[in-house]
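One structure is given below, encoded as structure tokens.
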2 protein chains.
Amino acid sequence: MNKSEVKVIGILERVGGFASAQELYQLLQRNGESIGLTTVYRALQSLVSDKIVDQLRRDDGEAIYRLCGDSHHHHLVCKLCGSTVEIEGSAIERWTKTVAEQHGFREVGHTAEVFGICPNC
Amino acid sequence: MNKSEVKVIGILERVGGFASAQELYQLLQRNGESIGLTTVYRALQSLVSDKIVDQLRRDDGEAIYRLCGDSHHHHLVCKLCGSTVEIEGSAIERWTKTVAEQHGFREVGHTAEVFGICPNC
DNA sequence: AGCAGAAATGAAAATGATTTTCATTTTCAA
DNA sequence: TTGAAAATGAAAATCATTTTCATTTCTGCT
């Protein structure tokens, strides 16, 4: 765990949700941190392989990251303004596990995100 | 529905599962079809927006496509060999709707994919 | 402190999927 | 037949991400 990784974790904490590498880089710049885009990517790779950060994909293929750790949860994302609400998903957890085991799958994980238009939009 | 879209549907039928645009293009070439990569992409976009083809993302961010079945369903995808099983998800549908409405969201949709290692791998 | 080798850094170039541009060809209805 | 609209594809542009490589910072050691 080096200095850059600490910076990236810090900004992820402030974000409190998903962000892409490019977004994180810009946020760090705005905060006056001196860090290169390459280093942000490398820190994220390292954190993902250490299971400190979760990585998934936006619909457009861009990778997005968030701190893992708190309880496993999902997101309700507004299609228009992008605001997100964390939602609990124990129903999903159970469904995932059941379905996968029925088909003999091991080491099961899942992605589930809900999209809609929030009350403000 | 134009000629190119028919070709793309044809190759997707032969593939019988997920394939990327690049792969589909190569397969079409090998089959002696005269079609450009650009046109493959355009046909896929069009088919996706007509709900004839499903699009999702590999872990590396590359888009993969597959003919969709009639009913709304999800996929159980093997992380190693890429084989997929369609799974029914009425539990998810209900959960999605409930959760979103609790938060006042409208026009709700969702994504949910389950990943694991299949019995053969 | 001083030093050598290892690790980290970041600017610039490379990569690769996807999209856009634009000139040409095909389709099709009047 | 004719002309406008749609389709096509080669080449260029885009954009996230990775790689390269020269430089800088750490580290442990004397």
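Lettering follows sequence order; numbering is per chain, from 1.
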Send over the distance from D60(B) CG to dA17(C) C1', rounded to a whole Å.
10 Å

So which pairs with a foot in residues 1-31 of chain A pass ring-ring contact (aromatic ring centres under 6.0 Å, His included), sequence neighbours left out?
F18(A)-H75(A)

Per-nt protein contacts along nucleotides 7-18 of chain D (heavy atom under 4.0 Å; B base, S backbone sugar-phosphate only, - none) come out as SBBBB----SBB

Donor-acceptor pairs under 3.5 Å, side chain of residues 96-105 of chain A to any protein atom, not counting sequence neighbours: which ones?
unit_1: T96(A); atom_1: OG1; unit_2: I92(A); atom_2: O; d: 2.7
unit_1: T98(A); atom_1: OG1; unit_2: R94(A); atom_2: O; d: 2.8
unit_1: H103(A); atom_1: ND1; unit_2: V99(A); atom_2: O; d: 3.1

Qualifying residues under side chain to side chain donor-acceptor pair (under 3.5 Å), relative to E62(B), sequence neighbours excluded
S20(B), R58(B)

Under the rule for side chain to side chain donor-acceptor pair (under 3.5 Å), what residues qualify as partners of R66(B), not counting sequence neighbours?
T84(B), E86(B)

Compile the donor-acceptor pairs under 3.5 Å between side chains in residues 36-51 of chain A and protein atoms, sequence neighbours left out, one pair per line.
unit_1: Y41(A); atom_1: OH; unit_2: Q22(A); atom_2: NE2; d: 3.0
unit_1: S46(A); atom_1: OG; unit_2: E5(A); atom_2: OE2; d: 3.1
unit_1: S49(A); atom_1: OG; unit_2: S46(A); atom_2: O; d: 3.1

